[in-house]
*Asks:* 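Got a structure for you, questions after.
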Amino acid sequence: MPKTKYQEVIFTILMVMVMVYAMVVYNIAVDKGGMSNQIFLMAFHEFPIMVTAGFILELFVVGRIVPELAFRMVTPGKDRPIAVILVISALTVCFMCPIMSFIATLVFQGLSADLIASWLQISVRNFPMALCWQIFYAGPLVRWIFGKIFRQRPTKETATAA
């Protein structure tokens, strides 16, 4: 896990890129009625907009709120590392999913009388995917990549979290 501001920025970039790309692919696939190889390429058109929004939101807003809330429920060093990771991951999705869904609804569907209804529908559709993707795939992948980049030696705590 990040120990410096620089590491926090790198971790955030990695996590946002992995989460945003997967969620953009997912949303395009749902909108098109199914998955195809073309969707992986189509996702790169929306990617720059959504990754920029996600990075700014995570680094300056959600990334400040989530630890405060999470550390009311769990205590790093006292609770099992996996519990800390799961609480932080779940809370991050609880904030990021509806906000990013709103941004996507606004950017790609525009202002309309159905803005709130469309946003709620997209948020409800995205939430289970975002939560599962974060906990089971993106989180472990990004922590593994981050560990390789910064060559963190496993400690008893980090070894039991993996």
Side-chain angles (χ1 to χ4, degrees), residues 1-2 7-67 69-70 73-74 81-150 158 161-162:
M1 296 303 290
Q7 288 181 356
E8 181 184 341
V9 170
I10 298 301
F11 185 85
T12 301
I13 289 169
L14 291 170
M15 186 64 75
V16 168
M17 289 176 65
V18 171
M19 284 299 297
V20 165
Y21 184 73
M23 293 306 297
V24 169
V25 166
Y26 172 71
N27 278 284
I28 294 172
V30 169
D31 289 344
K32 296 286 182 189
M35 199 60 196
S36 72
N37 289 337
Q38 184 183 12
I39 289 173
F40 292 107
L41 295 175
M42 293 170 70
F44 285 114
H45 296 291
E46 294 180 18
F47 184 76
I49 296 166
M50 296 310 293
V51 85
T52 302
F55 177 75
I56 291 168
L57 188 60
E58 173 60 31
L59 196 63
F60 299 110
V61 181
V62 175
R64 306 279 178 234
I65 297 168
V66 165
L69 295 174
M73 295 180 237
V74 292
I82 190 67
V84 175
I85 289 168
L86 290 174
V87 168
I88 291 171
S89 295
L91 285 172
T92 300
V93 171
C94 286
F95 283 94
M96 289 294 285
C97 182
I99 298 170
M100 291 295 288
S101 294
F102 182 77
I103 292 168
T105 304
L106 196 57
V107 169
F108 299 111
Q109 293 183 11
L111 286 173
S112 72
D114 290 333
L115 175 66
I116 300 300
S118 293
W119 165 59
L120 289 173
Q121 180 178 357
I122 291 168
S123 293
V124 168
R125 180 184 75 198
N126 283 344
F127 189 82
M129 175 61 176
L131 186 62
C132 289
W133 180 251
Q134 169 56 236
I135 289 173
F136 297 115
Y137 299 100
L141 174 65
V142 169
R143 283 189 297 278
W144 180 80
I145 292 169
F146 184 82
K148 294 293 182 191
I149 291 171
F150 291 100
T158 58

*Asks:* Just list the side-chain donor-acceptor pairs under 3.5 Å for residues 42-55, sequence neighbours left out, or say none.
*Replies:*
from: Thr52; atom 1: OG1; to: Pro48; atom 2: O; distance (Å): 2.7

*Asks:* Pairs in or reaching into residues 14-24: which pass salt bridge (charged side-chain N to carboxylate O under 4.0 Å, His left out), with residues at least two apart or in two chains?
*Replies:*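 Counting only pairs at least two positions apart or across chains, no salt bridge (charged side-chain N to carboxylate O under 4.0 Å, His left out) contact touches residues 14-24.
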*Asks:* Of the non-hydrogen atoms in Val18 and Ala138, which two are nearest, and what is the gap between them?
*Replies:*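 Reported closest heavy-atom pair: CG1-CB, 3.6 Å.
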*Asks:* Which value, rounded to the nearest 0.5 Å, describes the distance between Leu91 atom CG and Leu86 atom CG?
*Replies:*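 Separation between the atoms: 11.0 Å.
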*Asks:* Minimum heavy-atom separation for Pro67 and Gly63, please, with both atom names.
*Replies:*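 Where Pro67 meets Gly63 most closely, the heavy atoms are CD-O, 3.1 Å.
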*Asks:* If you look only at distance, which donor and acceptor atoms sit under 3.5 Å apart when one is on a side chain in residues 8-15 and the other is two or more places apart or in another chain?
*Replies:*
from: Thr12; atom 1: OG1; to: Glu8; atom 2: O; distance (Å): 2.8

*Asks:* Checking Val30 against Arg125 for the side-chain contact (heavy atoms from CB on, under 4.5 Å) test, could you report, in this order, the C-alpha distance in whole Å, the side-chain angles of both residues, the deciding distance, and whether it holds?
*Replies:* CA-CA 9 Å; Val30 169; Arg125 180 184 75 198; 3.3 Å; yes
*Asks:* Work out which heavy atom in Ile39 is nearest to a heavy atom in Gly34; give both atom names and the distance.
*Replies:*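 Heavy atoms of Ile39 and Gly34 come nearest at CD1-O, 3.1 Å.
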*Asks:* Would you check, one step at a time, whether the test side-chain contact (heavy atoms from CB on, under 4.5 Å) holds for Met129 with Asn27?
*Replies:* CA-CA 10 Å; Met129 175 61 176; Asn27 278 284; over 6 Å; no
*Asks:* Report, as yes or no, whether the 6.0 Å neighbourhood of atom CZ on Phe108 holds more than 12 heavy atoms from other residues, nucleotides or ligands.
*Replies:* yes
*Asks:* Can you tell me how far the CD1 atom of Ile65 sits from the CZ atom of Phe60, to the nearest 0.5 Å?
*Replies:* 14.0 Å
*Asks:* Considering residues at least two apart in sequence or located in another chain, which fulfil the salt bridge (charged side-chain N to carboxylate O under 4.0 Å, His left out) criterion with Asp114?
*Replies:*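 With neighbours one apart ignored, the set is empty.
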*Asks:* Measuring from Arg64:CZ to Glu58:CD, what's the distance to the nearest 0.5 Å?
*Replies:* 9.5 Å
*Asks:* Where do Ala90 and Leu131 come nearest, in terms of heavy atoms and distance?
*Replies:* CA-CD1, 4.0 Å
*Asks:* For Met19 versus Ala130, what's the shortest heavy-atom pair and its separation?
*Replies:* CE-O, 3.6 Å
*Asks:* Excluding sequence neighbours, so at least two apart, what forms side chain to side chain contact (heavy atoms under 4.5 Å, CB included) with Leu41?
*Replies:* none
*Asks:* Out of curiosity, Ile149 CD1 to Phe146 CZ, how far, rounded to the nearest 0.5 Å?
*Replies:*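 Nearest 0.5 Å value for the CD1-CZ distance: 7.5 Å.
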*Asks:* What side-chain donor-acceptor pairs closer than 3.5 Å can you find for residues 93-104, not counting sequence neighbours?
*Replies:*
from: Ser101; atom 1: OG; to: Cys97; atom 2: O; distance (Å): 2.8
from: Ser101; atom 1: OG; to: Asn126; atom 2: ND2; distance (Å): 3.1

*Asks:* In Å and rounded to the nearest 0.5 Å, what is the CD1 to CE distance from Ile88 to Met1?
*Replies:* 5.5 Å
